[in-house]
Amino acid sequence: MKKRVFSGARPTGRQHIGNYLGAIQNYVELQKDYQCVYCIVDLHALTTLQGSEAVDQIQQNVREMILDWLAAGLDPKQSILFVQSQVPEVTELQTLLSMSTPLSWLMRVPTFKEKVKMQPENVNYGLLGYPVLMTADIVLYKAEVVPVGEDQVPHLELAREIVRRFNGLYGDTFPEPQPKLTHAPMILGIDGVQKMSKQLDNHIELAATPEETARRIMTAFTDPARKRKGDPGHPEVCNIHHLHEAFQPEKAREIAPQCRNAEIGCVECKKLLAGEINEALAPLRERRRELATRPRYIREVLGDGAERARAIARVTMEEVRERMGLVARETG
Ligand code: TRP
């Protein structure tokens, strides 16, 4: 039996090449060796979005995201692809796990403290419970492996603590989920300073047109030490170089010494990169266009994913309710 992988991602709409290199490609790879469950976590999105913003954005973001996932090669025949809220068992499990999760564990979570600073006007109960819901996501499917980025490691540690406590109180029920760190380098945005992110508008969408892609790359910041073409460059600190490495490692090795010796200018280097990215993404973009014309198929994929997920979830919940004394035990 293949081990089970679970991963969740918030519905952030159209994915960018940072998401692609950092997470999606890895999701696709894992399909070979694991039984994969990939979830678009719309409930988690509600910890930061509310009111008309939520209503306007969630459905659209889910749709754009699943299009990118499918176009990138996530295969609904092999993997379970679904939207979190379509498996309501997860909220029941969150409630049950919350009963044995100390408040102090949740209050020391770094992302919670960060969010308190970022949205002081909306420090809601759900935000504090975010890691419990995340734990419920994973253990509802008894997943053992969770591909995540570095930023999610504290959440996973907490998930293991919650599992250990639950297992200690009610008997061995859930495996302790292990993080599987993605080794992709952090992709910087076109500002050359911060991690690529839609929020910072320093990103390049997977679904961008070739022209848009080139235009965004041409405006990107490069090695700050290179003000004129004659200045020697430092590829190791240049985000354009890192993108070359991600898309065409051989080309990157060829260009690096030319950059160091000021034999190639940034404009030329960026043009090459835009060409590489557009070429590499052409098949994905073509598939995406085609999928976008089939909304019914997309609904079926998510409907079928939710059903398969629920079938697993129901079995887990029966076991959990029984272990916690919520149903009468069978007596012989
Ligand atoms: N917290 C994760 C993030 O912000 C998303 C997430 C929710 C998740 N549930 C999960 C990731 C379960 C892995 C497993 O990226």
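We count ligands from 1, going down the list as the structure has it; atoms in each ligand are counted the same way. Residue numbers run from 1 in the order of the sequence given.
Taking every heavy atom of Tyr130 and a limit of under 4.0 angstrom, the matching atoms of ligand 1 come to 1 (N), 2 (C), 3 (C), 4 (O), 5 (C). Each of the following atoms of ligand 1 lies closer than 4.0 Å to a heavy atom of Val146: 13 (C), 14 (C). Close contacts of ligand 1 with Arg10, meaning ligand atoms under 4.0 Å from a residue heavy atom, involve 4 (O). Residue Phe6 has at least one heavy-atom neighbour below 4.0 Å for each of these atoms of ligand 1: 12 (C), 14 (C). Counting the atoms of ligand 1 from 1 in the order shown, those under 4.0 Å from a heavy atom of Val41 are 7 (C), 9 (N).
Other residues, nucleotides and ligands place more than 12 heavy atoms under 6.0 Å from the NZ atom of Lys198. With a 6.0 Å radius and a threshold of 12 heavy atoms from other residues, nucleotides or ligands, Tyr170 has its OH atom above the threshold.
Checked against a 3.5 angstrom limit, the closest N/O atoms of Gln152 and ligand 1 fall inside it. The shortest N/O to N/O separation between His155 and ligand 1 does not fall below 3.5 Å.
A side-chain donor-acceptor contact under 3.5 Å links Arg285 and Asn278. Of the N and O atoms on the side chains of Gln15 and Thr12, at least one donor lies less than 3.5 Å from an acceptor on the other residue.
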Where do Asp223 and His241 land on the side chain to side chain contact (heavy atoms under 4.5 Å, CB included) test, with the steps shown first? CA-CA 9 Å; Asp223 173 6; His241 175 70; over 6 Å; no
Would you check, one step at a time, whether the test side-chain hydrogen bond (donor to acceptor under 3.5 Å, both in side chains) holds for Glu290 with Thr293? CA-CA 6 Å; Glu290 196 263 327; Thr293 65; 4.9 Å; no
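The single protein non-hydrogen atom nearest to atom 11 (C) of ligand 1 is Gly8 O, 3.3 Å, given as residue, atom name and distance. Shortest contact from atom 10 (C) of ligand 1 to any protein heavy atom: Met134 CG, 3.4 Å. What sits closest to atom 9 (N) of ligand 1 on the protein, heavy atoms only, is Asp137 OD2, 2.7 Å.
Sorted by first and then second residue, the pairs that involve residues 104-152 and meet ring-ring contact (aromatic ring centres under 6.0 Å, His included), not counting sequence neighbours, are Phe6-Tyr141, His44-Tyr130, Phe82-Tyr141, Tyr130-His155.
At a 4.0 Å heavy-atom cut-off, ligand 1 does not touch Leu133 at all.
A side-chain donor-acceptor contact under 3.5 Å links Gln31 to the backbone of Gly73.
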